[in-house]
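I have placed the structure first, in the form of structure tokens, so that the comments after it can refer back to it.
The first residue in the sequence is number 1, and the count goes up from there.
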Amino acid sequence: MKLFKSCGSGLIALLLLLMDSPALQAQTPDDQLIVGMNMNNLLTLDPAAMTGNEVVGIVVNLYDGLVELNPKKLTEVRPALAERWSVSADNSTLTFHLRDNVTFHSGNPLTSDDVIWSMRRVLHLNLAQASVWKSYGFSRDNVDQMITAPDARTVVITLPEPNDPQLVIYSLAALGSMVVLDRKTVQQHEVNGDWGNRWLSTHEAGSGPFRLDIWQAKDVLRMSRSAGYWRGEAKMSRVVFRHLQESQTLRLMMEKGDLDIASNMSIPDVRAPAPRSRSHH
């Protein structure tokens with residue numbers, strides 16, 4: 001399924017979400033996608049604070065990371081913002097080389113300073129997504145020394161303690177927590193040293209294939225295709241997530257064609273026979 005991450009890369013997190021829970025998919029010739037889901041656990045869009053698959057499936061389409069998982073082979077890490085990387089002979093240092101000419105939705109150029117600031121932000125905020133990096137030995141006290149930028153296109157990560165560098169790289173690809181934020185835009189919305197956390201709860205500052213149009217908690221979230229995306233523009237022009245709690249409601253809306261994807265349906269509703277008056281293929 002190639003819905004969001006444009007030009008063949010697929011939507012990793014939403015695929016994982018849909019595989020993890022019963023779902024149905026309808027067919028539509030339109031370039032707009034309507035998704036029905038329970039948004040009760042969708043509490044923030046800040047990548048540093050996110051919890052749960054629901055928000056990951058959204059965040060990975062608003063932001064990019066240094067590397068990502070191959071959706072067809074989830075054990076394989078492939079390039080994203082970093083077009084290549086290397087590991088030092090003693091396994092203590094990871095060096096990432098960024099792509100040229102990547103811009104954020106604001107139009108600001110994406111540089112190594114944004115990468116470093118985004119990583120520092122996760123450790124300094126010390127919210128949900130900091131835990132895995134703390135387990136590798138990173139902390140707000142050492143992150144400035146451990147993650148550096150020799151130039152605008154190079155990021156160097158030094159491991160604070162001996163560890164498997166391939167595991168660290170996989171974590172960068174799999175978690176979605178170390179996505180790259182538009183430092184200048186977020187800093188414009190900082191309040192009392194909160195690293196922009198309050199603003200990012202309901203806004204975004206990414207470089208992903210989609211930009212956030214609106215999010216009304218427990219109601220609707222809408223994102224639209226970002227023009228000039230570095231991979232090529234997404235195939236969908238707009239994606240709308242609707243808050244629907246009842247499995248039967250999701251099923252009925254799927255049958256009517258009001259939804260293209262329904263997430264977290266109950267097993268009986270997934271297996272229920274289609275109405276005889278409709279033809280399904």
Side-chain angles (χ1 to χ4, degrees), residues 13 39-66 80-81 98 102-149 152 155 157 160 168 171-172 174-208 210-224 226 241 243:
M39 292 187 179
N40 284 334
N41 295 323
L42 188 60
L43 305 177
T44 177
L45 298 182
D46 187 339
M50 64 182 181
T51 57
N53 286 333
E54 294 90 349
V55 67
V56 174
I58 293 168
V59 164
V60 297
N61 286 283
L62 301 173
Y63 297 89
D64 293 309
L66 290 175
L81 292 176
L98 303 182
V102 176
T103 59
F104 291 105
H105 299 153
S106 66
N108 292 331
L110 188 153
T111 72
S112 56
D113 286 340
D114 296 292
V115 178
I116 291 175
W117 185 85
S118 300
M119 293 182 170
R120 290 181 62 228
R121 180 178 184 273
V122 171
L123 272 303
H124 280 270
L125 282 175
N126 196 27
L127 298 173
Q129 294 301 318
S131 58
V132 66
W133 305 107
K134 289 161 64 178
S135 73
Y136 290 134
F138 293 97
S139 69
R140 67 175 67 187
D141 296 325
N142 68 21
V143 66
D144 291 349
Q145 291 74 43
M146 297 295 102
I147 305 177
T148 58
V155 175
I157 301 177
V168 177
S171 295
L172 284 170
L175 298 175
S177 60
M178 286 296 188
V179 294
V180 181
L181 281 67
D182 183 344
R183 173 178 55 89
K184 293 180 180 178
T185 295
V186 178
Q187 286 178 332
Q188 290 172 358
H189 295 91
E190 284 190 47
V191 178
N192 298 324
D194 73 343
W195 293 77
N197 171 248
R198 181 175 180 179
W199 183 77
L200 278 176
S201 294
T202 55
H203 298 81
E204 58 91 3
S207 63
F210 287 84
R211 60 176 67 233
L212 181 68
D213 294 328
I214 189 173
W215 177 35
Q216 297 174 345
K218 297 183 181 181
D219 184 12
V220 63
L221 184 150
R222 187 176 71 247
M223 58 176 71
S224 59
S226 178
F241 296 85
H243 176 55

When you measure from the side chain of [X] to the backbone of [Y], do you find a donor-acceptor pair of N or O atoms at a distance under 3.5 Å?
| X | Y | answer |
| --- | --- | --- |
| N142 | S139 | yes |
| D219 | Q216 | no |
| H105 | S226 | no |
| D113 | A149 | no |

With [X] via side chain to side chain contact (heavy atoms under 4.5 Å, CB included) - residues at least two apart:
| X | value |
| --- | --- |
| L45 | L42, V55, I58, L212, W215, L221 |
| A205 | D182, T185, V186, W199, L200 |
| R140 | H124, N126 |

Between [atom1] on residue [X] and [atom2] on residue [Y], distance to nearest 0.5 Å:
| X | Y | atom1 | atom2 | value |
| --- | --- | --- | --- | --- |
| L123 | M119 | CG | CE | 10.0 Å |
| L66 | S112 | CG | OG | 10.5 Å |
| W133 | M146 | CH2 | CE | 15.0 Å |
| Q129 | R121 | CD | CZ | 11.5 Å |
| T111 | R183 | OG1 | CZ | 6.0 Å |

Does either side chain, that of [X] or that of [Y], offer a donor lying less than 3.5 Å from an acceptor on the other one?
| X | Y | answer |
| --- | --- | --- |
| S201 | D46 | no |
| S171 | Y136 | yes |
| S106 | N108 | yes |

Minimum heavy-atom separation for [X] to [Y], with atom names?
| X | Y | value |
| --- | --- | --- |
| M178 | V122 | SD-CG2, 4.0 Å |
| L127 | A48 | CB-O, 3.5 Å |
| P109 | D114 | O-OD2, 3.5 Å |
| S131 | A128 | OG-O, 3.4 Å |
| H243 | K218 | CD2-O, 3.1 Å |

I would like to know whether F241 and M223 meet side chain to side chain contact (heavy atoms under 4.5 Å, CB included); could you show each step before the answer? CA-CA 9 Å; F241 296 85; M223 58 176 71; 3.9 Å; yes

For side chain to side chain contact (heavy atoms under 4.5 Å, CB included), just list the numbers for W195 and W117, CA-CA rounded to whole Å, side-chain angles, deciding distance to a tenth of an Å, and then say yes or no. CA-CA 10 Å; W195 293 77; W117 185 85; 3.4 Å; yes

For the pair V180 and L81, evaluate side chain to side chain contact (heavy atoms under 4.5 Å, CB included) and give the outcome as yes or no after the intermediate values. CA-CA 9 Å; V180 181; L81 292 176; 3.6 Å; yes

Can you find a pair of side-chain heavy atoms, one from R120 and one from D144, that are under 4.5 Å apart?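 Yes, close enough: below the 4.5 Å cut-off.
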
Contact check, side chains of S207 and Y63, non-hydrogen atoms, under 4.5 Å: no

CZ of R198: more than 12 outside heavy atoms within 6.0 angstrom? no

Between L110 and L98, is the side chain to side chain contact (heavy atoms under 4.5 Å, CB included) condition met? List the steps. CA-CA 9 Å; L110 188 153; L98 303 182; 4.3 Å; yes

Fit a plane to each ring of H189 and H203, take the angle between them on a 0 to 90° scale, and name the class: parallel (under 30°), tilted (30 to 60°) or perpendicular (over 60°). parallel

